[in-house]
Amino acid sequence: MKTDLKIGIVLGAGSARGWAHIGVLRALEQAGIRPQIVCGASIGALVGAVYANGGLDALEEWVLSLTWRKVLGFFDISFNGGFLKGAKLISYLHDNLLETEVEELALPFGAVATDLRSGREIWLREGRAVDVVRASIALPGLFTPCERDGHLLVDGALVNPVPVSLCRAMGADFVIAVDLGSGLAGRHVRSTAKSSEPNMIEVLTESINIMQVRITRSRLAGEPADALIMPRLGDMGSLDYHRAAESIEEGRLATELMLPQIKQLLGR
């Protein structure tokens, strides 16, 4: 039994599909597998930061309470660099789930963002946890970019949707990665196109999904995880945050499917 391995978990980008990460973490914990390093991109950064802070129960309770009306309540309209400012969401996260610095989280945590000016991948490992999350989830066209240390930051999914490289750099010996792009590209637009034309936000988000899937394939080919969990959520729209129960359950099922392989690789 390889008890000395430092296990890292990488939670990938995927908008509303990201609630599946909760089911993944639950299934791993029930199997006695507890990551010691947590990394994430976009929605994976949000779930990962809360998990690293020991707040998974509170997060799950909140997302399961979300209705479409409640989701709309977090929309603070902006026409300056993005559709949403994100201030309402960040305020809620700070007051209820992430009132701490990254350096003070119970587990080492890192997130990925993209420098809009240079196109560089930026690793975020210090500062207010909510600010790190806000930078990593700044989906272009939807959320306004974030200014940080001279960088104009947007969603980390543009450069590294499943940041295995960051997790390795933080010292993980065994990396479990969660890719939310399985069967995703274009499926939601195809389904809506049968009855009506997709709206502007759907076109934007699904176009980014296609790009994200291709980048993920390329990055994981060069920087593979030791175990890859792939929940199947292709029928879920990018803004379906009110469908948390479905996402969480699919995350759990996908993880249980991979548990025999993970345990074998860990020598358990």
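Since we're looking at a predicted model, the values are computed, not measured.
Remark: F109 CZ to L166 CG distance equals 9.0 Å, nearest 0.5 Å. A distance of 8.0 Å separates CD1 of I210 from CZ of R214, quoted to the nearest 0.5 Å. Between the CG atom of L59 and the CD1 atom of I22 there is a distance of 4.0 Å, given to the nearest 0.5 Å. Taking CD1 from I90 and NZ from K88, the interatomic distance works out to 14.0 Å, rounded to the nearest 0.5 Å. In this structure, L266 CG and F174 CZ are separated by 4.0 Å, a value rounded to the nearest 0.5 Å. Remark: D131 CG to C146 SG distance equals 7.5 Å, nearest 0.5 Å.
Side-chain atoms of E249 and R252, non-hydrogen and from C-beta on, do get closer than 4.5 Å to each other. Between K70 and H242, every side-chain heavy-atom pair lies at or beyond the 4.5 Å cut-off. Counting heavy atoms from C-beta outward, Y51 and L107 have side chains that approach closer than 4.5 Å. Side-chain contact between L98 and V50 is present, with heavy atoms from C-beta onward closer than 4.5 Å. The closest side-chain heavy-atom distance from P231 to V178 is below 4.5 Å. Side chains of L239 and V71 form no contact here, defined as non-hydrogen atoms less than 4.5 Å apart. Taking 4.5 Å as the limit, some side-chain heavy atom of L11 sits within range of a side-chain heavy atom of L25. Counting heavy atoms from C-beta on, the side chains of R243 and M236 come closer than 4.5 Å.
When all heavy atoms of W19 and Y241 are compared, the closest pair comes out as NE1-O, 3.1 Å. The nearest pair of heavy atoms linking R219 to V159 is NH1-O, 2.9 Å. Counting all heavy atoms, side chain and backbone alike, L180 lies closest to G18 at CD1-CA, 3.6 Å. Residues A227 and I262 approach most closely at CB-CG1, 3.7 Å, considering heavy atoms. Of all heavy-atom pairs spanning C167 and I37, the tightest one is SG-CG2, 4.1 Å. Of all the heavy atoms in V132 and E126, the pair that sits closest is CG2-O, 3.6 Å.
In the hydrophobic clustering of this structure, V47 does not group with M170; members are Ile, Leu, Val, Met, Phe, Trp, Tyr whose side-chain heavy atoms approach within less than 4.5 Å, directly or through other members. Note: the hydrophobic cluster containing W123 does not contain V164 (ILVMFWY, side chain heavy atoms under 4.5 Å, direct or indirect links). There is a path of hydrophobic side-chain contacts, each under 4.5 Å, that joins L153 to I215. Under a hydrophobic clustering in which Ile, Leu, Val, Met, Phe, Trp and Tyr are joined whenever their side-chain heavy atoms come within less than 4.5 Å, directly or via other members, V10 and I7 fall into different clusters. Under the 4.5 Å side-chain heavy-atom criterion for grouping Ile, Leu, Val, Met, Phe, Trp and Tyr, V38 is connected to V63 within one hydrophobic cluster.
At least one donor-acceptor pair closer than 3.5 Å links the side chain of H21 to the backbone N or O of G12. Counting only distance, with no hydrogens or angles, the side chain of N53 and the backbone of L105 share no donor-acceptor pair below 3.5 Å. A distance-only check finds no donor-acceptor pair linking the side chain of S136 to the backbone of A41 [under 3.5 Å]. A donor-acceptor pair is defined here as one N or O able to donate and one able to accept, closer than 3.5 Å; such a pair exists between the side chain of T114 and the backbone of D155. The backbone N or O of P161 sits nowhere less than 3.5 Å from a side-chain atom of Q212 that would complete a donor-acceptor pair.
Residues meeting the salt bridge (charged side-chain N to carboxylate O under 4.0 Å, His left out) test with E29, sequence neighbours left out: R34. R120 is linked by a salt bridge (charged side-chain N to carboxylate O under 4.0 Å, His left out) to nothing, counting only residues two or more places apart in sequence or in another chain.
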Verdict with reasoning, R134 to R128, per side chain to side chain contact (heavy atoms under 4.5 Å, CB included): CA-CA 10 Å; R134 175 63 178 82; R128 288 205 320 164; over 6 Å; no
L56/R26 under side chain to side chain contact (heavy atoms under 4.5 Å, CB included): CA gap, chis, key distance, verdict: CA-CA 9 Å; L56 195 62; R26 292 292 193 203; 3.9 Å; yes
Derivation and outcome, side chain to side chain contact (heavy atoms under 4.5 Å, CB included), residues I33 and L259: CA-CA 10 Å; I33 300 170; L259 277 176; 4.0 Å; yes
R117/E147 under salt bridge (charged side-chain N to carboxylate O under 4.0 Å, His left out): CA gap, chis, key distance, verdict: CA-CA 11 Å; R117 297 188 178 103; E147 286 277 2; 3.1 Å; yes
Side chain to side chain contact (heavy atoms under 4.5 Å, CB included) between L89 and I137, intermediate numbers included: CA-CA 11 Å; L89 173 62; I137 67 172; 3.9 Å; yes
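Residue pairs that meet the salt bridge (Lys or Arg N to Asp or Glu O under 4.0 Å) test with at least one member in residues 91-116, sequence neighbours left out, do not exist here.
D179 and R217 are not joined by a salt bridge, as no carboxylate oxygen comes within less than 4.0 angstrom of a charged side-chain nitrogen.
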